[in-house]
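Fair warning: this is a prediction, and the values are worked out from it, not measured in the lab. Letters A, B, ... mirror the listed sequences (proteins, then strands); counts begin at 1.
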2 protein chains.
Amino acid sequence: MAEFLIRKLEHFTSLSSEDKLALDQAARQRTRRIRSRDDIVHEGDMPQGVNLILDGWACRYKTLEDGRRQIIAYLLPGDLCDQTVSVLREMDHSIGTVTAVTLAEIPTETMRQLTAGQARLSQALAWESLVTAAIQREWTVNIGQRTAFERLGHLLCELFVRLRAVGLTQGTTCDLPLTQAEIADTIGLSVVHVNRTLQELRSVGLISLRGRELTIHRLEALQRAVQFNPNYLHLGREGRHLDSNEA
Amino acid sequence: MAEFLIRKLEHFTSLSSEDKLALDQAARQRTRRIRSRDDIVHEGDMPQGVNLILDGWACRYKTLEDGRRQIIAYLLPGDLCDQTVSVLREMDHSIGTVTAVTLAEIPTETMRQLTAGQARLSQALAWESLVTAAIQREWTVNIGQRTAFERLGHLLCELFVRLRAVGLTQGTTCDLPLTQAEIADTIGLSVVHVNRTLQELRSVGLISLRGRELTIHRLEALQRAVQFNPNYLHLGREGRHLDSNEA
DNA sequence: CATCAAGCTTAACTTTTGTTATGACAAAAA
DNA sequence: TTTTTGTCATAACAAAAGTTAAGCTTGATG
């Protein structure tokens, strides 16, 4: 049930079988299925317990009064949303699905038990939330400093590496269920410019993208071209391995 | 000692005198003074205990290989950096000062005691770190979706409201120790364009900025003009008050 | 006080990115 | 099947933002 989360956490530390069992049972208590392009949480809602993405893609987003929308984060299988958010009075952003999503609602109390118990597991969960924050910071850098080409390439690298960390890539290929409009709202570009930039990435032979299938032909080359440094994902050995591939 | 932090936390909840004493003593244990435009923490360093800004401005930033720099966050008096970051192996970004800074280094163990003890205080500290994350998300929206005019105005609103929350504004005025180059690196614009945009904000009579003194003549008007909605700062009553001013 | 350096301001010009529009295509709905 | 709708692709043009360069202020320093 919590296989993706477990796989992700094990990049940070190895978990005991009790740890894994506890996670798995927490994920089993209450699951929910939401259809594609639907909202899970609305801005203004009272925060509930923690959601764990079991399957599918979701995103955090914020909408301005005039309709402009910014996608703030992607939530992939194994991602936890809002570990401690129940402290706040209301949500300041929404969470919506990209594809159909299965999620586990983990009650606050269960979460407390998990983080209060084994040091290993609670450290691993702290690590997950620190990595989430690090990703958010990197997005600020990405949108603030990089060119359109770099921004898009960087996003694709990140998504690919994160998916690979939970075993959701096949060789150099992964599923990419985003429309160009969604990509545009993610990296702060217009749809037309995203299209132009995708053509550019294709024409230099770094990627293929057809339908929902993304192939990154030479990941190391793409990383270099867009200055993607995976250290902010703190993937331990795998992160280091990627670094050395770069040289 | 921890007066600014206490004032900030009291926007969320009222603290007992034991809570305040505990914070004050934690802030007294080891303080450090760093001069202006100097680094506090370098990317690649091993994370240490928690730093509390007692006085002055600092910022988180990341530098790309070719020298481009993005300021990721501002750390103002009363701000805590990296409450739980010691879980990570190394820092993925740097922290530098803007002005001369006095900070308190709170050992991990002291921090653990503060968050493990009184529910009130530990909730307040959780709130502080959730607000930090919310600010980071809002910056993604700001840089991703807003025009230069809105971006700059939004930044000024945020800094003003955050300073006001710790009592560091005088009427419609506050200290703004940033150079235009630093502002540029914050909102992803060139220095020249920041200058142009500042002129625009001045010419429509929304702000004055001379030397280090920023005056926001009509905060509500500026908020409306740049779509600044302070709800993401979760300042409780003060936040709501601002909302109603908008109408 | 004079000198210097950093930061600010402005202009002219270039590049990047956004906008509008249109057609092709493909998947979903009637 | 036909129709509709959403997505992708491309072009032509417009607007926003970047670059380079120069002169100006101001505050620090000798």
Can you say whether the rings of A:His154 and A:Tyr232 are parallel (under 30°), tilted (30 to 60°) or perpendicular (over 60°)?
-> parallel
Rounded distance in Å - CD (B:Glu213) to C1' (D:dG27) = 17 Å
Per atom distances to the B:Gln199 side chain, the nearest of C:dT9, C:dT19, D:dA9 is C:dT9
Measure from the side chain of B:Ala148, starting at C-beta and using heavy atoms only, and say which of D:dT19, C:dG18, D:dA17 lies closest.
-> D:dA17
Between C1' of D:dA16 and CZ of B:Arg151, the distance in whole Å | 10 Å
Flag the pair B:Arg196 and B:Glu200 as a salt bridge only when some basic side-chain nitrogen lies within less than 4.0 angstrom of an acidic carboxylate oxygen.
-> no
Between B:Arg146 (CZ) and D:dA17 (P), how many Å, whole number?
-> 14 Å
Does OP1 or OP2 of D:dA9 have a side-chain N or O of A:Arg202 closer than 4.0 Å?
-> yes
With a 4.0 Å cut-off on heavy atoms, is A:Arg37 in touch with a base, just the backbone sugar-phosphate, or nothing at all?
-> nothing
How would you label the contact of A:Arg210 with the nucleic acid (heavy atoms, under 4.0 Å): base, sugar-phosphate, or nothing?
-> nothing
Does a nitrogen or oxygen in the side chain of B:Gln180 sit under 4.0 Å from OP1 or OP2 of C:dT9?
-> yes
Send over the distance from B:Ile183 CD1 to C:dG7 P, rounded to a whole Å.
-> 12 Å
Would you kindly give the CD-to-C1' distance between A:Gln145 and D:dA17, to the nearest whole Å?
-> 14 Å
Compare side-chain N and O positions of A:Asn195 against OP1 and OP2 of D:dC8 and report whether any pair is under 4.0 Å apart.
-> no
From the options D:dA9, C:dG18, C:dA11, select the nucleotide whose nearest atom is closest to the side chain of B:Val192.
-> C:dA11
Pick base, sugar-phosphate or nothing for B:Thr179, based on heavy-atom distances below 4.0 Å to the nucleic acid.
-> sugar-phosphate
Looking only at N and O atoms, is any donor in the side chain of B:Arg196 or the base of D:dG18 less than 3.5 Å from an acceptor on the other one?
-> yes
Would you say the side-chain atoms of A:Asn142 and A:Glu138 include a donor-acceptor pair closer than 3.5 Å?
-> no
Gap between atoms CD and C1', on A:Glu200 and D:dA9 respectively (whole Å) | 15 Å
Contact class for B:Gly188 (heavy atom, under 4.0 Å): base, sugar-phosphate, or nothing?
-> sugar-phosphate
Given the options B:Gln70, B:Arg69, B:Arg68, A:Gln145 meets side chain to side chain donor-acceptor pair (under 3.5 Å) only with B:Gln70
How close or far is atom P of C:dT17 from atom CG of A:Asp185, stated in whole angstroms?
-> 17 Å
Salt bridge between A:Arg37 and A:Glu182, side-chain N to carboxylate O under 4.0 Å?
-> yes
Starting at NE2 of B:His193 and ending at P of C:dT15, how long is that distance when rounded to a whole Å?
-> 18 Å
Counting any heavy atom closer than 4.0 Å, what does B:Leu198 reach on the DNA or RNA strands: base, sugar-phosphate only, or nothing?
-> nothing
